[in-house]
Amino acid sequence: MIPAVRGTRDVVPGEVERWQHLEQVAHDVCRRYGYREVRTPVIEREELFAKGTGESTDIVQKEMYAFTDKGGERVTLRPEATPSVVRAFVQHALEQALTEAKLYAIGPMFRYERPQKGRYRQFHQLDVEAFGVEAPALDAEVIEMAAHLVAELGIADAELVINTVGCPECRPAFSRALLDALGDRVAELCGDCRRRARTNPLRIFDCKQPADQPVIDGLPHTVDYLCPPCSEHFAAVREALEAFGVEYRVSHRLVRGLDYYRRTTFEILGRALGAQDALLGGGRYDGLVRQLGGPDRAGIGFAAGLERLVLAMPPDAAVAAPPDAYVVAIGEEARQPAQVLARDLRHAGLCTLVDYDARSPRSQMKRAGKAQAGQVLILGADELAGGRVSLKDMNTGEQEAVPRGDVVDRLRRMQKDCVAS
RNA sequence: GUGAGUGUAGCUCAGCGGUAGAGCGCCGGACUGUGGCUCCGGAUGUCGGGGGUUCGAAUCCCCUCACUCACCCCA
């Protein structure tokens, strides 16, 4: 047996229904909020992520499936969707074509990491991006939409956390304040934190080492170092969220790892997930479109991890629908007519199973019962002689002979009643 | 890249030096044209892989691979 590649997985019947439900809800929520779908390639030029995601991020430094193709081009499997969506937005001048530049994408992403609960090398994201609006009203709408998506999926144990990371105007001052406050105590922190202090001081807030917490708790907060525009923006976002009645917690420790974030950042955490508990995360990235060669447009969005959402969805969120009908053929002369009957039912829209192997009637009934078929249609010598089909309701056990010509309509009506009720 | 744990039937697991097992599931029969309950029967394993110790290894030792969880980082 040749197993699936490490960190990749099959979604098999039984679980795939949950994915189908999730995708249907995702498409529907996006549509209602005015987003249009865009499908971008899973393979891109490596430089797109070097410039977009950021050279300093772990994603770019060590997690990309990058290689040189046969034409000598440096390409990579996409590790995230935002730069791709921005590229498509710029490349096709979509702001000209759309009244609102709101785009979403669903698909696989690839990062070379050690797999663990809620994290895979091939994973899937719903990526939602809106361009060209600087107003805090959009920040709040995007966050509210994310919360609504989670709620719509029936995920109750979720917590919305928001923060602001300032902008290129005010962030350097905050980083300095952070390092000043830390002073010599940097040496007391764990190795990761000492490294962060040099590369990206804000990320010290991500530390999970219990021993480091007392020091980190004493550090200054971004909100106290924002420039006036950033400060006003954050206040307006919070005000709008409150008007929506969205519950949230402000955490000055929510920093997020991607280089392009400005101002608003947010995450929704799932409580039943394990260590990788972010169901979705995002924020504002006002400089990114321009940095990738487009016009100077603001941007904001989020990425939701589909594996994590599936994990967090209630156990009974979606199950496969049982077949409408099972056609039982008794005797050799009934086999072909049974296939034709099954064909007719299928053409009429009914999910129909039929036996191929001349099993005993008992065996066929057992299979119909196991498949939870609603109706069993029995075709044997008696029925063929009378031009009828025996129709057995598997829930009540009642059985009656129905003229062959009426069977399809009869079942179709029963199915409609079933859907209606 | 680092650390810990686990690999035995399709699934959940027992067996821990002496002939590979149970429950569930699957297939068939009792009921030769009628499911669910019951009973009876059946199939299925390179005991993750390789090497070593031993008269003898699923069991002990070494290596390796995979999975799981956690770190890093992130969805």
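So you know, we letter chains A, B, ... as the sequences are listed, proteins then strands, and number each from 1.
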When all nucleic acid strands are considered with a 4.0 Å heavy-atom cut-off, which category describes [X]: base, sugar-phosphate, or nothing?
| X | value |
| --- | --- |
| A/R9 | nothing |
| A/L279 | sugar-phosphate |
| A/Q61 | nothing |
| A/S363 | sugar-phosphate |

(message) Looking at A/R404 and A/D344, is any side-chain nitrogen of the basic one under 4.0 Å from a carboxylate oxygen of the acidic one?
(response)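 A salt bridge links A/D344 with A/R404.
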(request) Tell me which nucleotide among B/rC72, B/rG29, B/rA75 gets nearest to the side chain of A/R111. (result)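 Nearest listed nucleotide: B/rA75.
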(message) Measuring from the side chain of A/K62 (C-beta onward, heavy atoms only), which nucleotide among B/rC72, B/rC67, B/rU34 has the closest atom?
(response)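 Per side-chain heavy atoms of A/K62, the pick is B/rC72.
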Distance, [atom1] atom - from [M] to [N], rounded to whole angstrom:
| N | M | atom1 | value |
| --- | --- | --- | --- |
| B/rA70 | B/rU12 | C1' | 25 Å |
| B/rC16 | B/rC61 | C1' | 15 Å |
| B/rG42 | B/rC65 | C1' | 35 Å |
| B/rU53 | B/rG17 | C1' | 12 Å |
| B/rG33 | B/rG41 | P | 25 Å |
| B/rA14 | B/rG23 | C1' | 10 Å |
| B/rG7 | B/rG50 | C1' | 15 Å |
| B/rA9 | B/rU59 | P | 15 Å |

Length of the [atom1]-[atom2] vector between [X] and [N], whole Å:
| X | N | atom1 | atom2 | answer |
| --- | --- | --- | --- | --- |
| A/D357 | B/rC27 | CG | P | 12 Å |
| A/K117 | B/rC72 | NZ | P | 18 Å |
| A/L126 | B/rA75 | CG | C1' | 11 Å |
| A/D127 | B/rA75 | CG | P | 10 Å |

May I ask which nucleotide in the shown strands pairs with [N], Watson-Crick or G-U wobble, both distances under 3.5 Å?
| N | value |
| --- | --- |
| B/rG7 | B/rC65 |
| B/rG41 | B/rC27 |
| B/rU19 | none |
| B/rU2 | B/rA70 |
| B/rA14 | none |
| B/rU54 | none |

(message) Quick one, A/R119 with A/Q116, criterion side chain to side chain donor-acceptor pair (under 3.5 Å). Give me CA distance, side-chain angles, the key distance, then yes/no.
(response) CA-CA 5 Å; A/R119 185 168 64 193; A/Q116 71 183 77; 2.9 Å; yes
(message) With salt bridge (Lys or Arg N to Asp or Glu O under 4.0 Å) as the rule and sequence neighbours excluded, what pairs involving residues 153-166 of chain A come up?
(response)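 Qualifying pairs, neighbours excluded: A/D157-A/R271, A/E159-A/R249.
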(message) Checking salt bridge (charged side-chain N to carboxylate O under 4.0 Å, His left out) between A/R297 and each of A/E129, A/E134, A/E95, which is the one that passes?
(response)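 Filter result, single survivor: A/E95.
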Nucleic acid contacts of [range], taken as heavy-atom distances under 4.0 Å to RNA chain B:
| range | result |
| --- | --- |
| residues 365-382 of chain A | A/M365, A/K366, A/R367, A/K370, A/I378, A/G380, A/A381, A/D382 |
| residues 14-28 of chain A | none |
| residues 302-338 of chain A | A/A303, A/G305, A/R308, A/I330 |
| residues 391-398 of chain A | A/K392, A/M394, A/G397 |

Just by distance, with hydrogens left out, do [X] and [Y] show a side-chain donor and acceptor under 3.5 Å apart?
| X | Y | value |
| --- | --- | --- |
| A/E44 | A/S84 | yes |
| A/R45 | A/T76 | no |
| A/R284 | A/T264 | no |
| A/S390 | A/E400 | no |

(request) Please state whether the phosphate of B/rG28, meaning OP1 or OP2, lies under 4.0 angstrom from any side-chain nitrogen or oxygen of A/R359. (result)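 For B/rG28, OP1/OP2 do have a side-chain N/O of A/R359 under 4.0 Å.
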(message) Is A/Q116 close enough to B/rC71 that one of its side-chain N or O atoms is under 4.0 Å from OP1 or OP2 there?
(response)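 Result: yes.
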(request) Select from A/G7 and A/D277 the residue whose nearest nucleotide in RNA chain B is closer to the 5' end of that strand. (result)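 Going by which nucleotide is closer to the 5' end, it is A/G7.
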(message) Between A/A275 and A/A278, which residue's closest nucleotide on RNA chain B lies nearer the 5′ terminus?
(response)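 Result: A/A275.
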Plane angle bin for [Y] and [X] - parallel if under 30°, tilted between 30 and 60°, otherwise perpendicular:
| X | Y | value |
| --- | --- | --- |
| A/F131 | A/F89 | parallel |
| A/H148 | A/Y33 | tilted |
| A/Y65 | A/Y112 | perpendicular |

(message) Is there a side chain to side chain donor-acceptor pair (under 3.5 Å) between A/Y326 and A/Q364? Walk through the geometry before answering.
(response) CA-CA 9 Å; A/Y326 194 107; A/Q364 292 184 56; 5.5 Å; no
(request) Kindly say whether A/C207 contributes a backbone atom to a donor-acceptor pair with the side chain of A/R253 at under 3.5 angstrom? (result)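 Yes, the answer is positive, given that a donor and an acceptor are paired below the 3.5 Å cut-off.
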(request) Look at atom CZ of A/R36 and say whether more than 12 heavy atoms of other residues, nucleotides or ligands are closer to it than 6.0 Å. (result)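 Result for CZ/A/R36: open.
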Show each protein N/O and nucleotides 1-3 of chain B N/O combination with a separation under 3.5 Å, one pair to a line.
{"unit_1": "B/rU2", "atom_1": "O4", "unit_2": "A/R114", "atom_2": "NE", "d": "3.4"}
{"unit_1": "B/rU2", "atom_1": "O4", "unit_2": "A/R114", "atom_2": "NH1", "d": "3.0"}
{"unit_1": "B/rU2", "atom_1": "O4", "unit_2": "A/R114", "atom_2": "NH2", "d": "3.3"}
{"unit_1": "B/rG3", "atom_1": "O6", "unit_2": "A/R114", "atom_2": "NH2", "d": "3.2"}

(request) Would you please indicate if the ring centroids of A/Y285 and A/Y260 are separated by under 6.0 Å? (result)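 They qualify: ring centres under 6.0 Å apart.
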(message) Under the criterion side chain to side chain donor-acceptor pair (under 3.5 Å), I'd like the reasoning laid out for A/R346 against A/T352: C-alpha separation, chi angles, the key distance, then a yes or no.
(response) CA-CA 6 Å; A/R346 288 162 175 165; A/T352 307; 4.9 Å; no
(message) Can you say whether a donor on the side chain of A/Q399 sits under 3.5 Å from an acceptor on the base of B/rU34, or the other way round?
(response)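 Between B/rU34 and A/Q399, which were checked side chain against base, a qualifying N/O pair under 3.5 Å is present.
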(request) Looking only at non-hydrogen atoms, find the nearest pair between A/A66 and A/E46 and report the distance. (result)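 Looking at all heavy atoms of both residues, the shortest contact is CB-OE2, 3.5 Å.
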(request) Over all heavy atoms of both residues, which pair between A/F266 and A/L254 is shortest? Give the atoms and the distance, please. (result)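 So the two residues come closest at CA-CD2, 3.6 Å.
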(request) Identify whether NZ of Lys or CZ of Arg in A/R9 sits under 6.0 Å from the centre of the six-membered ring of A/Y120 and within 45° of that ring's axis. (result)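 That pair qualifies as a cation-pi contact.
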